There are 2 protein chains.
Amino acid sequence: MSALKPLRSLKPRANYHHGNLEKALIDAATEMIRESGVEHISLRAVAAYVGVSPSAAYHYFPDKDALISGVGQSLFDKLADRQEAAMAAYPGESREAALARFRALGRAYFDWGNTETNLFRLMFGVFCSLDQKDALAARDESRAWILLQRSLDDLADRGAINPALRPYGEILAWSAVHGATSLIVEGHLPKDVFESILDAIEISLGVVK
Amino acid sequence: MSALKPLRSLKPRANYHHGNLEKALIDAATEMIRESGVEHISLRAVAAYVGVSPSAAYHYFPDKDALISGVGQSLFDKLADRQEAAMAAYPGESREAALARFRALGRAYFDWGNTETNLFRLMFGVFCSLDQKDALAARDESRAWILLQRSLDDLADRGAINPALRPYGEILAWSAVHGATSLIVEGHLPKDVFESILDAIEISLGVVK
DNA sequence: TCCTAATCTGAACGATGTACAGATTATTGT
DNA sequence: ACAATAATCTGTACATCGTTCAGATTAGGA
């Protein structure tokens with residue numbers, strides 16, 4: 001656990017007009033949640049970390065929950081970054097490469113949950129739960145969702161999965177990977193079962209190797 | 001949203017020596033979390049609801065988190081009750097009955113998440129996350145886990161699933177059902193995909209109908 | 001019936017989320 | 001260049017929270 005001391009106290013600049021306070025608050029909150037968990041951060045501490053008074057935050061967020069929710073939204077993009085990087089390790093047009101990328105996609109999700117547990121909990125917790133409409137719209141635009149769609153299209157194009165089962169690909173893969181990751185992260189299942197989950201997903205989708 | 005007013009103010013009994021304060025606090029906290037979500041309850045409100053001073057709780061729980069965690073532990077049993085009731089609707093020794101019970105098990109989990117969302121979030125949130133050892137030990141003794149094991153044994157005994165895949169039954173079924181329930185409850189997936197998840201689980205386990 | 005242990009109260013402390021009035025700075029129009 | 005206006009941030013204040021602790025109340029055994 002590092003110190004998390006105020007930053008701006010070093011800078012000679014006055015406190016008024018920070019520059020980009022909204023982003024600074026989100027970044028600070030992200031880092032603090034990452035280290036301590038969403039249940040242990042306070043608006044005041046985030047403001048102090050940025051070097052600003054607590055009230056300043058209320059010009060950008062209606063309340064603390066909105067700030068936290070802002071952090072959550074931004075995390076889906078960071079997860080997609082990790083997934084993209086993981087998939088890049090398996091280039092190529094072959095069926096084997098496409099399958100390897102598909103597994104890398106799931107494994108990156110799992111790794112994210114294990115290495116960034118506090119952020120993972122935030123993303124799928126109360127603060128990021130939206131109404132059906134908004135959430136589905138947000139999901140359709142999220143890069144992580146699009147990566148999953150494309151990965152399944154890749155498999156289908158190469159005849160690596162049963163075409164009749166293709167429509168269920170996204171929901172099945174996401175459900176199984178997310179469920180396993182959640183249960184493992186919270187300690188309900190041991191870590192070593194995850195690869196079996198990936199195997200099971202492939203079987204469900206009728207993978208032919 | 002109902003009122004949640006203090007109860008004991010009506011009773012003529014004095015405040016000292018409540019009787020079974022520990023259980024009363026857990027019950028009250030359960031009901032209040034059920035209605036408002038774990039992020040919106042205070043130790044003081046729970047104590048007031050029971051008709052007791054805030055400090056009284058500290059004779060039974062070291063802190064607020066311990067009370068909440070106590071609530072969470074007790075919920076796994078209530079989930080098992082629902083699952084048992086749901087399975088009882090499909091009696092019989094036939095393969096079809098065993099399959100129907102297996103699906104009822106998953107559907108009851110899903111229904112629990114949808115009707116008792118606040119409690120569901122608590123069960124699998126930070127407050128109920130244990131170290132690997134404790135959690136796995138607790139799980140092995142939980143009735144919900146045992147129900148799942150028996151249901152899979154039933155399927156295997158009747159030759160309804162691929163014997164080679166039997167060992168993966170628990171982790172796969174729980175992961176997929178939990179993942180789908182979580183994602184649907186938080187709005188990331190639409191409700192109507194759940195039955196497809198049950199189909200996919202059966203395919204993964206090599207169900208022969 | 002008195003003594004002791006168990007149980008609960010009441011007051012207090014520091015920290016929190018939030019509201020609001022006013023101070024400070026940036027920007028725009030002339 | 002300069003004043004007027006808008007945007008941004010501070011400081012203070014308040015109710016509420018979790019938690020501590022000294023002491024009041026009660027139960028139950030000697």
Side-chain angles (χ1 to χ4, degrees), chain A residues 3-29 32-33 35-72 122 126-127, chain B residues 3-29 32-33 35-72 122 126-127:
Chain A
L4 291 183
K5 286 289 172 183
L7 288 178
R8 296 210 4 114
S9 51
L10 300 176
K11 290 196 183 182
R13 301 253 299 96
N15 281 332
Y16 282 82
H17 289 87
H18 174 278
N20 194 348
L21 186 52
E22 178 168 2
K23 177 168 163 29
L25 286 171
I26 292 226
D27 288 349
M32 297 175 81
I33 291 172
E35 293 214 351
S36 321
V38 70
E39 70 280 10
H40 290 128
I41 64 148
S42 67
L43 216 215
R44 298 177 99 106
V46 173
Y49 183 86
V50 174
V52 119
S53 85
S55 333
Y58 287 85
H59 277 263
Y60 301 96
F61 306 97
D63 53 21
K64 182 193 176 187
D65 288 2
L67 168 59
I68 291 180
S69 162
V71 172
L122 170 57
V126 218
F127 295 108
Chain B
L4 289 183
K5 287 286 173 185
L7 289 178
R8 297 216 357 119
S9 52
L10 302 175
K11 289 196 183 183
R13 303 254 299 95
N15 281 332
Y16 283 81
H17 290 90
H18 174 278
N20 194 347
L21 186 52
E22 178 169 3
K23 175 167 165 27
L25 286 171
I26 291 224
D27 289 348
M32 296 175 80
I33 292 173
E35 293 214 350
S36 320
V38 70
E39 70 279 10
H40 289 128
I41 64 150
S42 68
L43 216 215
R44 298 177 99 108
V46 174
Y49 184 87
V50 174
V52 120
S53 85
S55 334
Y58 287 84
H59 277 262
Y60 300 96
F61 306 96
D63 53 21
K64 183 193 175 187
D65 288 2
L67 168 59
I68 291 180
S69 161
V71 172
L122 170 59
V126 219
F127 295 108

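So you know, we letter chains A, B, ... as the sequences are listed, proteins then strands, and number each from 1. Remember, it's a predicted structure, so these values are computed and weren't measured experimentally.
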Show me, pair by pair, the donor-acceptor contacts under 3.5 angstrom made by side chains of residues 61-69 of chain B, not counting sequence neighbours?
from     : atom 1 : to       : atom 2 : distance (Å)
Asp63(B) : OD1    : Asp65(B) : N      : 3.4
Asp63(B) : OD1    : Ala66(B) : N      : 3.1
Lys64(B) : NZ     : Ile41(B) : O      : 3.0

**Request:** Under 4.0 Å between any heavy atoms, over every strand shown, what does Ser42(B) touch: base, sugar-phosphate, or nothing? Just pick one.
**Result:** sugar-phosphate
**Request:** Whole angstrom is fine here: how far is it from NE2 in His40(A) over to C1' in dG18(D)?
**Result:** 12 Å
**Asked** Whole-Å distance between dT16(C) P and Asp65(A) CG?
**Response** 16 Å
**Request:** Calculate, to the nearest 0.5 Å, the distance between atoms OG and OH belonging to Ser42(B) and Tyr49(B) respectively.
**Result:** 13.5 Å
**Item:** Distance, nearest 0.5 Å, that separates CE of Met32(A) from CG of Asp27(A)
**Value:** 13.0 Å
**Message:** Please report the distance, rounded to the nearest Å, between CG in Leu67(A) and P in dT18(C).
**Reply:** 10 Å
**Asked** To the nearest Å, how far apart are Glu22(A) CD and dA7(D) C1'?
**Response** 14 Å
**Message:** Using every non-hydrogen atom in the two residues, find where Leu25(B) and Ala47(B) come nearest and quote the distance to one decimal.
**Reply:** CD2-CA, 4.3 Å
**Item:** Exercise: identify the closest heavy-atom pair between Gly70(A) and Ile26(A)
**Value:** C-CD1, 3.7 Å
**Request:** Could you tell me the separation between the CZ atom of Arg44(A) and the C1' atom of dA13(D), rounded to a whole number of Å?
**Result:** 10 Å
**Message:** Using every non-hydrogen atom in the two residues, find where Val46(A) and Ala28(A) come nearest and quote the distance to one decimal.
**Reply:** CG1-CB, 4.1 Å
**Asked** Rounded to whole angstroms, how far apart are CG on Asn20(A) and P on dC9(D)?
**Response** 10 Å
**Message:** Between C1' on dC17(D) and CD1 on Ile41(A), what's the gap in Å once rounded to a whole number?
**Reply:** 17 Å
**Asked** Taking all non-hydrogen atoms of both residues, which atom of Ala57(A) and which atom of Leu43(A) are closest, and how far apart?
**Response** CB-CD2, 3.7 Å
**Message:** Rounded to whole Å, how long is the line connecting atom CD of Glu39(A) with atom C1' of dT16(C)?
**Reply:** 16 Å
**Item:** Relative orientation of the end axes in the helix from dT1(C)-dA30(D) to dT30(C)-dA1(D), expressed as an angle to the nearest 10° (five pairs per end)
**Value:** 10°
**Message:** Quick check: closest heavy atoms across Ala24(A) and Val50(A), and the distance to 0.1 Å?
**Reply:** O-CG2, 3.7 Å
**Prompt:** Between Val71(A) and Ala29(A), which heavy-atom pair has the shortest distance, and what is it?
**Reply:** CG2-CB, 3.7 Å
**Prompt:** Heavy-atom contacts under 4.0 Å between residues 54-64 of chain A and DNA chain D, which residues?
**Reply:** Ser55(A), Ala56(A), His59(A), Tyr60(A)
